[in-house]
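Step one of this worksheet: look at the structure below.
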Protein chains: 2
Amino acid sequence: MTAAAGRPPSGQVTIADVARHAGVAASTVSYVLSGKRAISAVTRSRVLASVRLLGYHPNAGARALASRRANVIALVLPLRAGMQVPVVMQFATAVVTTARGYDHDVLLVTSDEGPAGLRRIAASALVDGVLLMDVELHDRRVPLLRELALPSVLIGLPADPAGLTCVDLDFHAAGAECVAHLAGLGHRRIALLGAPTAVYDRGTGFAHRTRAGVREAADRHGVQVVTLPCEEGTADVRRAVTELLDRHPDVSGLVVQNEAAVGPVLATLPALGRRVPGDVSVVAICPDEFAGRSSPALTCVPVPTEEVGRQAVTLLMGKLRDEPGPEAILLAPRLTVRDSTAAAPAVGVGGGER
Amino acid sequence: MTAAAGRPPSGQVTIADVARHAGVAASTVSYVLSGKRAISAVTRSRVLASVRLLGYHPNAGARALASRRANVIALVLPLRAGMQVPVVMQFATAVVTTARGYDHDVLLVTSDEGPAGLRRIAASALVDGVLLMDVELHDRRVPLLRELALPSVLIGLPADPAGLTCVDLDFHAAGAECVAHLAGLGHRRIALLGAPTAVYDRGTGFAHRTRAGVREAADRHGVQVVTLPCEEGTADVRRAVTELLDRHPDVSGLVVQNEAAVGPVLATLPALGRRVPGDVSVVAICPDEFAGRSSPALTCVPVPTEEVGRQAVTLLMGKLRDEPGPEAILLAPRLTVRDSTAAAPAVGVGGGER
DNA sequence: GCCGGCTGTCGAAGCGCTTCGACAGCCGGT
DNA sequence: ACCGGCTGTCGAAGCGCTTCGACAGCCGGC
């Protein structure tokens, strides 16, 4: 009924309908809705009543055209490789939710549209700003962003963040924090089981920064550390862990930065005769629920996806209003102690010596 | 340079600029780009050259306003609970990629905006159509969609799909297929380890349909079946499996429909003295890579996320062009045999009898 | 009692695009 | 030689909204 009959042309309720119904000019309706000019309380409530009654929603296209703001932001996600999937997902959720709070919608763009995609989106004024995830150290899109005058916020830290706005967990500090925790428990030989090789090769910031943080902290604490990448298959993980403990049997602390690996690692260690945390302590860098759900529950540095998403949107909204903001926000890591870490076994004791 | 200097007002290249540069009318440019009227080859190529040279991209708002098509579709995702995350993600990827192929963009909307969100999106003409994922059997949005005259395609099958367009894996057949496979291998007592309780309670179609398919096929094959829900924590899974085998020690075939459970299940069984597939065969309903990556590699019915996404977009595009299409597409399951299923152990043999 | 300055409202001018009708020129059939 | 019907192009009219300037009324100050 509503759709079939109704207005002659479009079937849509327009601002003119509201104006007519409320007995005011269209511009007055617009001002009531935007709050950009003072409107008397009487008029305002009359207009608002009409808006509600008629179920008026401004036409997005018309609004965008006239105001030069689409009220949409783009979220550029690495939808290609299936890695760190939960992180990406949680992050997207936070972004959408926060953006809605600012009356903005979110356009989903895949990384593989690359720079050309950004260009298109900017030129067509489809969106007012961009959130870029999975930023690589030397990302081709970064120079483009500088040139494009398209407000943007990066999730992650490129090699040269000058002139850009970035948000991320401080992975360097996170790596260091993990090492500090293990060192504090008396572990003297530890290992970092990192992201897949491809991720390092691609120059993905978080992987490199974590590794650097781990190494630096290890030096500082006088702890020996081995770092190795880690693929995502169960068998790959098992092989990697087995080989690691084979070559370095006295490793008693493990930092794992790879969600897909966490489960297999916890399954493999007991199979190798190493109890967690009796013989080997494990600390992960991964989403918190994930760590809480495994068994034993993992000591971890949670990746604050929710917080990062919120911050990113908030910063972007600030930029859209031309407010000055910080260049980068690196969230401090907060280590959560659970059941997977314990004091290092006494020297020479503990299972698995060859 | 491009951004700073250029046109006086907006900095944007408009169709008028292209028209001037090519020495034609704006409408001609429009027709060249849309192909809605015949344009001579000479003119066309001149216009296209100008378009490329000036880097023209039509203003999305203006285009939407004038043509009443936003060239955007909405993708409504269940971003709340972190379940079936990889499936959702792969699906989103396929949707975005396919939509781009039709020159459409994708707006990301969360399920928790609910019916009101749909209403807003429809009324504001932000999008031309909607893709709805995570449809429940008695979804509140389904009646709304019928009323709204907003072209839509559902991923999943509500209880009453009349008048709607739906795409999904035929989970009923998938469940049956798993049972048939196990029955064919001689298994006489099997179990379905399903989705978390909450998913069944919510009336989510795929979970119910799979369970029904499993039960029906079991009947048909004269196989005894136990079905039980399964939470996502490692410990929960372990408990569920342990209890299951405790109560039904002669279960030799397991159907698992819960990505998060697959890893723990494979870890738990050997710990209980049941080898896979020697003592217990496991067949999963989950994304294929996932099954291939675990160890042993899983026999599974892959959820064809990519295919579903592509189909859904294609159907929606058809509807946008007012082409008649099918009401529902249920993709036939295709069982992939790997290393986790084998002939049932001889009666009275096999580990784990109490 | 008049004027300057508010406050609240209106009308009109676009925003950049699509699309409709008009029409100029050209073809071929008669 | 004329006319009907193409083909290819143009100009103008909006699409529904925001925003700018104008201005009517009203206040208080002198």
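In what follows, chains are A, B, ... by sequence order, proteins preceding strands, each numbered from 1.
Annotation: side chain of Leu331(B) is in contact with side chain of Gln311(B) (closest heavy-atom distance under 4.5 Å). Residues Ile15(A) and Pro58(A) have side chains not in contact (no heavy-atom distance under 4.5 Å, counting atoms from C-beta outward).
Atoms CG and CG, from Asp139(A) and Leu154(A) in turn, are 8.0 Å apart once rounded to the nearest 0.5 Å.
A 3.5 Å limit on both hydrogen-bonding distances identifies dG29(C) as the Watson-Crick or G-U partner of dC2(D). In this entry dC20(C) has dG11(D) as its Watson-Crick or G-U wobble partner, both defining distances falling under 3.5 Å.
Residues Asp112(A) and Arg100(B) are not paired through a salt bridge, judged by the lack of any N-O separation under 4.0 Å between the basic side chain and the carboxylate. Residues Glu147(B) and Arg119(B) are paired through a salt bridge, judged by an N-O separation under 4.0 Å between the basic side chain and the carboxylate.
The residue Ser27(B) sits close to a base: some heavy atom pair falls under 4.0 Å.
Between Arg20(B) atom CZ and dC17(C) atom P the separation is 12 Å, expressed in whole Å. What separates CD1 of Ile39(A) from C1' of dT19(D) is a distance of 13 Å, to the nearest Å. Note: CG (Leu65(B)) to C1' (dG16(D)) measures 5 Å, nearest angstrom. To the nearest angstrom, P of dC17(C) lies 16 Å from CG of Asn59(A). Taking atom CG of Asn71(B) as the reference point, atom P of dC17(C) lies 14 Å away to the nearest angstrom. Atom CG in Leu126(A) sits roughly 14 Å away from atom C1' in dC17(C) (whole-Å rounding). Separating the CZ atom of Arg44(B) from the P atom of dG8(D) is a distance of 9 Å, rounded to the nearest angstrom. Look at CD1 on Ile15(B): it is 14 Å from P on dG11(D), rounded to the nearest Å.
Of the candidates dG16(D), dT9(C), dG8(D), dG8(D) carries the atom nearest the Ser40(B) side chain, counting heavy atoms from C-beta on. Comparing dT9(C), dG16(C), dC17(D) by their nearest atom to the side chain of Gln12(B) picks out dG16(C). Nearest to the side chain of Val24(B), among dG16(D), dC10(D), dT19(D), sits dC10(D). Taking the side chain of Ser30(B) as heavy atoms from C-beta on, and the options dC10(C), dC17(D), dT19(C), the nearest nucleotide is dT19(C).
Regarding contacts with the backbone of dC15(C), every side-chain N or O of Thr14(B) stays at 4.0 angstrom or more from both OP1 and OP2. Phosphate proximity of dC17(D) to Arg68(A): absent, as no side-chain N or O sits under 4.0 Å from OP1 or OP2. For the OP1/OP2 pair of dG16(C) and a distance below 4.0 Å, the side-chain nitrogens and oxygens of Arg63(B) include no atom meeting the criterion. For dT9(D), the OP1/OP2 oxygens have no side-chain nitrogen or oxygen of Arg37(B) closer than 4.0 Å. Phosphate contact (OP1/OP2 of dC17(D), side-chain N/O of Tyr56(A), threshold under 4.0 Å): present.
Map Val42(B) and Ala66(A) each onto its nearest nucleotide of DNA chain D; the residue landing nearer the 5' end is Val42(B). Nearest-nucleotide mapping onto DNA chain C: of Val29(B) and Ser67(A), the residue sitting toward the 5' end is Ser67(A). Looking at which nucleotide of DNA chain D each of Lys36(A) and Ala25(B) is closest to, the 5′-most match is held by Ala25(B).
Judged by distance alone, with hydrogens and angles left aside, Tyr31(A) brings no side-chain donor or acceptor close enough to the base of dC17(D) to form a pair under 3.5 Å.
At least one donor-acceptor pair closer than 3.5 Å links the side chain of Ser111(A) to the backbone N or O of Leu77(A).
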